[in-house]
Amino acid sequence: MFVSKRNLFFKSKENGYLLFCGNSNSFYQVDEENVPHVQKMFDTGDDSELPEDIKKEFIKSGVLLPESDEERFKRLKLFSYQTRFNPNELSLTIAPTMACNFKCTYCYEGNRVQNITMTDEVIDGLIGFIKKIGPKTLNIIWYGGEPLCAWNKVVEITKKIEELEISSIKYSMVTNGTLINQEILEFIDNRKFDFIQITLDGDEEIHNSRRPMKNGGNSYRVILSSLDNIYEYCKKNNTYIKVLLRVNLDKTNISCYKKVYELIRSKYPNFFYAYPAFVSRNSELDCHSENCMSSLESSAYILDLANKKDIITNQLFPLRNRFCGCKIQYVNNYVIDSYGNIYRCWEDISEKDKSLGNVIKGIRDEKNIIAWQVMESSGFEDFECKDCLFLYSCMGGCPKHRIENRKLGKELNPVCFSIKNEPKEFLESYYNYKKRHLYCE
């Protein structure tokens, strides 16, 4: 057996020796009597003194491997390519309109948000584009603008897509949540959307200052009313609609996540999932750029939530491994704007110089963007990522931000997991949280 290099074995401040394995995100507290045996294994590669039950567990979790790390790396890289080159799966982010009833202060679309809605010609081109690829599995994310500003187009496009008789169609939606009504709830429920994402940036005053409605309405109250309706609909119909409540954070509203978390937890117990996300820069000239948090600042914040406020986030501990860091690393992944223009990343939507073509005229990738993003942008292809403890969780982070950082020669936006800055602190904080909540074995 090989002792994997993707292990971190350390003496913690409060809990003795802890062991994290990045091959499977397994986490152990090692009893004092077994510390010498585990330490010898790491120092010499000799696992002969390990108790048999521990050895079996280490083999199961990847602490010990039947192959070298290099061989495992190559095998998983192959699986990654097989997944990303799958010709039978197509993922589309579709903006039926670029119109929006909000004017968010940090919106990366900026003046690209225009009152443009898909025409019949563009919709026909979109359906033709899907037919030409001929997927067996189709993943749709409704996007915008605000997609529900063109609800009739969502219904029309969905009907035409479902007439294609594709074996599996999965839906989700990114919406500001202010236009959801009974008809839309039934539509979402009947198709069992994977999720709908809604953003809530703090208490009423803070949220409304960051995410104002163009008509002067109180977006905070309208969103809470929508959440009430979703909650009541699900209870009444004995069903479940997965709602992800995103809290966009920067230096100006850093205290707000706790407020949203506690509100949602008390008002809708065990139902909606609130999570923090850090506002990123589009460029250093953005009006909100100076308020964005650095990687170290966001790391400190996540630790503070866990240690001082007893709130665990999805960024404290890598909960799953994957073969891909972002959908743009898949060959068949596209973003379609209201003109029918094709992009790879939804942050580029309606930025026409980054378009790969149009659903009517086809793809023209003169800049070879697809090849770069599929072949070069994952952690498997990055020298700095290859030996990282968290490679199989992170997979290199956001490809778009990686490109921007390389062009500038400095970090415009963080790419690595926050945990990489203080791995021992993060891991012990996670362990302590689980111990407080009686989840540790």
## Note on the structure
Residues at least two apart in sequence or cross-chain that pass side chain to side chain donor-acceptor pair (under 3.5 Å) with Tyr301, listed by chain then number, are none
#### Entry: ring-ring contact (aromatic ring centres under 6.0 Å, His included) involving Phe417 - partner list, sequence neighbours excluded
none
### Query
So, does His207 use its side chain to make a donor-acceptor pair with the main chain of Asp201 at under 3.5 Å?
yes
### Task
Just jot down the side chain to side chain donor-acceptor pair (under 3.5 Å) partners of Lys77, sequence neighbours excluded, or say none.
none
### Task
Measure from NZ or CZ of Arg191 to the centre of the six-membered ring of Phe193 and say whether it is under 6.0 Å with the direction within 45° of the ring axis.
no
### Task
Mind listing the closest non-hydrogen atom pair of Trp151 and Glu183 along with its distance?
NE1-OE2, 3.2 Å
### Summary
Closest non-hydrogen atoms of Thr105 and Ser209, given as atom of the first, atom of the second and distance, are CG2-O, 3.6 Å
### Query
What is the minimum heavy-atom distance between Ala306 and Ser429, and which atoms define it?
CB-CB, 4.4 Å
### Derivation and outcome, side-chain contact (heavy atoms from CB on, under 4.5 Å), residues Ile198 and Ile180
CA-CA 11 Å; Ile198 299 172; Ile180 295 174; 4.1 Å; yes
### Task
Please check if the side chain of Ser80 supplies one atom and the backbone of Leu76 the other of a donor-acceptor pair under 3.5 Å.
no
#### Entry: Check: Asn248/Tyr106 side-chain N/O donor and acceptor closer than 3.5 Å
yes
### Message
To the closest 0.5 Å, what do you measure between CD1 (Ile254) and CG (Asn291)?
### Response
11.0 Å
### Query
With distance as the sole test, does Arg246 use its side chain to make a donor-acceptor pair with the main-chain N or O of Ala277 at under 3.5 Å?
no
### Query
Aromatic ring centroids of Phe317 and Phe27 under 6.0 Å?
yes
### Message
Let's go through Asn432 and Asn307 carefully: what are the C-alpha distance in whole Å and the side-chain angles of both, what is the deciding distance for side chain to side chain donor-acceptor pair (under 3.5 Å) to 0.1 Å, and is it a yes or a no?
### Response
CA-CA 8 Å; Asn432 284 335; Asn307 296 330; 5.4 Å; no
### Query
Counting distance only, does the side-chain N/O of Asn413 pair as donor-acceptor with the main-chain N or O of Arg281 below 3.5 Å?
yes
### Message
For the residue pair Arg75 and Phe79, would you count it as a cation-pi contact if the rule is NZ or CZ under 6.0 angstrom from the ring centre and within 45 degrees of the ring axis?
### Response
no
### Message
Could you tell me if Thr175 and Glu146 have a donor-acceptor pair between their side chains, going purely by distance under 3.5 Å?
### Response
yes
### ring-ring contact (aromatic ring centres under 6.0 Å, His included) evaluation trace for Tyr240 with Phe271
CA-CA 9 Å; Tyr240 179 68; Phe271 206 80; 5.2 Å; yes
### Task
Determine whether the side chains of Glu89 and Asn139 contain a donor N or O and an acceptor N or O closer than 3.5 Å.
yes
### Query
Would one find more than 12 heavy atoms of other residues, nucleotides or ligands at under 6.0 Å from atom NZ of Lys103?
no
### Query
Should the ring pair Tyr273 and Tyr275 be called parallel, tilted or perpendicular, given that the plane angle runs from 0 to 90° and is split at 30 and 60?
parallel
### Query
Does a salt bridge link Lys424 with Glu428, judged by any charged N lying under 4.0 Å from a carboxylate O?
no
### Task
Taking side-chain contact (heavy atoms from CB on, under 4.5 Å) as the test, write out the residues that go with Glu121, two or more places apart.
Thr119, Ile360
### Query
So, is the end of the Lys420 side chain (NZ or CZ) under 6.0 Å from the ring centre of Phe390 and within 45° of the ring's axis?
no
### Query
Does CD belonging to Gln182 count more than 12 external heavy atoms closer than 6.0 Å?
yes
#### Entry: Under 3.5 Å side-chain donor-acceptor pair for Asn25 and Asn321
yes
### Task
Over all heavy atoms of both residues, which pair between Pro212 and Cys104 is shortest? Give the atoms and the distance, please.
CD-CA, 4.3 Å
### Message
Between Arg322 and Ser393 (side chain of the first, backbone of the second, donor and acceptor by atom type, cut-off under 3.5 Å), is there such a pair?
### Response
yes
### Message
For the backbone of Ser26 and the side chain of Ser61, can you confirm whether one donor and one acceptor N or O come within less than 3.5 Å of each other?
### Response
no
### Query
Between Asn176 and Ser219, is any side-chain donor less than 3.5 angstrom from a side-chain acceptor?
no
### Task
Examine distances only and state if a side-chain atom of Thr178 and a backbone atom of Val222 form a donor-acceptor pair shorter than 3.5 Å.
no
### Task
Please round to the nearest 0.5 Å and tell me the distance separating atom CD1 of Ile419 and atom SG of Cys394.
11.0 Å
### Matching residue for Ile133 among Leu138, Asn88, Leu90 - test: side-chain contact (heavy atoms from CB on, under 4.5 Å)
Leu90
### Task
Look up atom CD in Glu204 and atom CZ in Arg221, then write down how far apart they are to the nearest 0.5 Å.
4.0 Å
### Message
Would you compute the distance between atom CZ of Arg402 and atom OG of Ser378 and round it to the nearest 0.5 angstrom?
### Response
8.5 Å
### Message
Checking the side chain of Lys367 only, and the main-chain atoms of Asp353 only, is there a donor and an acceptor separated by less than 3.5 Å?
### Response
yes
### Query
Just by modelled atom types, is the Thr117 backbone N or O under 3.5 Å from a matching donor or acceptor in the Ser338 side chain?
no
### Side chains of Tyr339 and Ser355, donor plus acceptor under 3.5 Å
no
### Task
Verify the ring-centre separation between Phe323 and Tyr81: is it less than 6.0 angstrom?
no
#### Entry: Euclidean distance, Ile188 CD1 relative to Tyr233 OH, rounded to 0.5 Å
9.5 Å
### Task
Could you pull out all residues at least two apart from Tyr392 that satisfy ring-ring contact (aromatic ring centres under 6.0 Å, His included)?
none
### Message
Under 3.5 Å, is there a donor on one side chain and an acceptor on the other for Asn218 and Asn208?
### Response
yes
### Message
Nearest 0.5 Å, please: how far is OH in Tyr261 from CD1 in Ile264?
### Response
11.5 Å
### Residue pair Thr137, Lys170: steps toward the side chain to side chain donor-acceptor pair (under 3.5 Å) verdict
CA-CA 8 Å; Thr137 298; Lys170 298 179 180 180; over 6 Å; no
### Contacts of Ser4 that satisfy side-chain contact (heavy atoms from CB on, under 4.5 Å) - sequence neighbours left out
Arg6, Asn7, Asn23, Leu65, Asp69
### Task
Would you check if the side chain of Lys214 reaches a backbone N or O of Cys100 as a donor-acceptor pair within less than 3.5 Å?
yes
